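Worksheet: one structure, shown below.
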Amino acid sequence: MLEQLLLPRVLVLYEYGLRNHSSASANAATALSTEAKAAPVPQPEAAAGEAADASDEEPEDTTKATLGKIADAILRLEDAYVCAGSVPTDGVKLEILPKDAAKGDAPLTLSLPAALHSADEHQSVSAEYSAFLAACDPSPFGHNQRTVFDDSVRKAAHVPPERILSTGVDVEALGILEAVRAKLVPDAHLGITAELLKVNVYEEGGFFACHRDTPRDELAFGSLLAFGSLLAFGSLVVCLLSAFSGGQLSIWNNMRPAAAAAAACPDTNKAPGSDVPSMRLDWGRIITQTNAANAARDAPLYRLAPAARDVEERRRCRRDVLTRAAAPRLQWAAFYGHCRHEIAPVEAGHRVTLTYVLRRHPDQPGLRACPRPAAAAAAAAVSENADGGNASADSYAALSAASRSGGHAAGAAAAPPANCMPRIHIQCA
Ligand SMILES: O=C(O)CCC(=O)C(=O)O
Ligand SMILES: [Fe+2]
C-alpha cells in the first residue's frame, strides 16, 4: 500500500530531476519548518485542493498530501535548481570545421570579443564572422520523440559537436563547474562533468520558445540505479562575448501548472504567461554596458552589431555596441532538467552560446564514468529540447555523443578503465 502511495510521488520527483539531489529531503524539512513559521505561503493548485479536504482524508490521503507538500516545498527552493554567474576571460577562440569538410581543410575560427582597432581589422572580423555563420546548421528541436524544424518555436543556428574542434572555454579551469556543483549538487563530492552539445547562434530575430531540455541518459537510469546516482541532471549555458541586444534568457524553476500548460501548447508557447521566471538574464545588456563603462579606455572594441532594420536603431546599436571594453566576462547559467526556459527574440547583433549537459559523478569510491567513443558522435543525430517532458528518441541518440570538455573535441576513443560505469549506446536509425 505504501508503495502505491510513494511510487507516483517518487516518479514526480524523478521527473523533476530530484533523483540527483540527495540533499533535497534535508532541504525540504527546513523548508517545511520555515513555512510553518512564516505568513501563509501560496500553495500550488493541487496541494491546496488536497489540503481543503484534509478533514475527510483517509490516512493514506494524508500521507499523499504530506508528500505532495514536501515535493512543492522542495521545488520552492529555487536557489537549489537555477544558478548563474560570470568569470573574467581574456577572450575565446572558437575553432570549427566547415560543413562537409574534407580531410586537410583548414578550420574556421571566430575570436570573441573581436578587437576592432582599425577599419582593416573590422573588415577581417566581418569576413571571419560571415564564414563562421555560413558553417552553422539550422537548429531543430525534439518534439513528441521526433526531431523537427519549426521557426515558430526555435529560430537559431548551431554547430554540432562533431565539427567543434575547440571552444577556448574550459569550464572546469574557469571554476564554472565547481560553482555549479556547489550550488546545484552540493552532495556530489566527486564533482560534475559538462559535455559540450553545441555552439548556438541567434541572429537578429532569432529566439527559442519556452521549453525543457531533452532528458539525457533516460535509458541508463534503470540499469544504473543499483550503483547510486550518475547521469545528467541539468544544462549549462555559457554566453560568448559577441555583442547583441534582446535575447534574454528566462528560466522557471517551478512554473505554475496553468502557465506550464500554455507553454507546452505550440500556439501559445511564445508567451509562457504571467508566471514570473526564477531568473531573467539579459546578457546582451551586460556586454553592452561593460562596453559603455569602458568607453573612455584604450581597450579593444567589441564587434559592431550588424544591421538592425531601422536606421535610427542601427545608429543606436552602433553607438551602444561599438565601444571600448576592458575586462570582458563570460556569463553562464545552469539549471536542472525540469526547469522551463526561453530565449526572447534577439533585436540586434549575434547571441553566441555554448550549451552543455551536466552530469554528476557516481558516488561510489573508485567508480568513474566511462569515456564515450568519439566515433559514435558523428552517427548520433544530436537533437535538443523536447517540450512537455517527453523523453525523445533523440535523447537516446545523444547518449552516444562523444564526451567533450573544455575546448577540445574527443580524439580516438580511449579504452574504458576497468572500474568504470557501464554505459548504454543506442544507435538510432
Ligand atoms: O542559448 C541559450 O541560452 C540556451 C539554448 C537552449 O535553451 C538550448 O539549446 O536548449
Ligand atoms: Fe534549452
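We count ligands from 1, going down the list as the structure has it; atoms in each ligand are counted the same way. Predicted, not measured: the structure shown is a model, and the values here were computed from it.
- Below 3.5 Å of separation, one finds an N or O of Thr353 facing an N or O of ligand 1.
- A centroid separation of less than 6.0 Å is found between the aromatic rings of Tyr81 and His338.
- The shortest N or O to N or O distance between His341 and ligand 1 is under 3.5 Å.
- Near Arg154, meaning under 4.0 Å from one of its heavy atoms, ligand 1 places the atoms 8 (C), 9 (O).
- Remark: distances from the non-hydrogen atoms of Arg351 to ligand 1 include one below 4.0 Å.
- Shortest non-hydrogen contact noted between Arg181 and Gly191 is CD-CA, 3.7 Å.
- Atom OD1 is the N/O/S atom of Asp213 found closest to the Fe ion (ligand 2).
- Between Asp137 and Arg163, at least one side-chain N (NZ, or NE/NH1/NH2) sits under 4.0 Å from a carboxylate O, which counts as a salt bridge.
- Of all the N, O or S atoms in His341, the one closest to the Fe ion (ligand 2) is NE2.
- In plain terms, the two heavy atoms of Asp282 and Gly246 that are nearest each other are OD1-O, 4.1 Å.
- With respect to His158, the side-chain contact (heavy atoms from CB on, under 4.5 Å) criterion is satisfied by exactly one of Pro138, Pro140, Cys136: Pro140.
- In His211, the N, O or S atom that comes nearest to the Fe ion (ligand 2) is NE2.
- Judged by the shortest distance from any of its heavy atoms, Lys198 lies inside the 4.0 Å radius around the atoms of ligand 1.
- Numbered from 1 in the order shown, with element, the atoms of ligand 1 that lie under 4.0 Å from a heavy atom of Tyr202 read 1 (O), 5 (C).
- With a 4.0 Å heavy-atom cut-off, ligand 1 is reached by the side chain of Ile343 but not by its N, CA, C or O.
- The structure places CG of Leu236 at 9.0 Å from OG1 of Thr355, a figure rounded to the nearest 0.5 Å.
- Separation of the His350 and Tyr202 ring centroids does not fall under the 6.0 Å cut-off.
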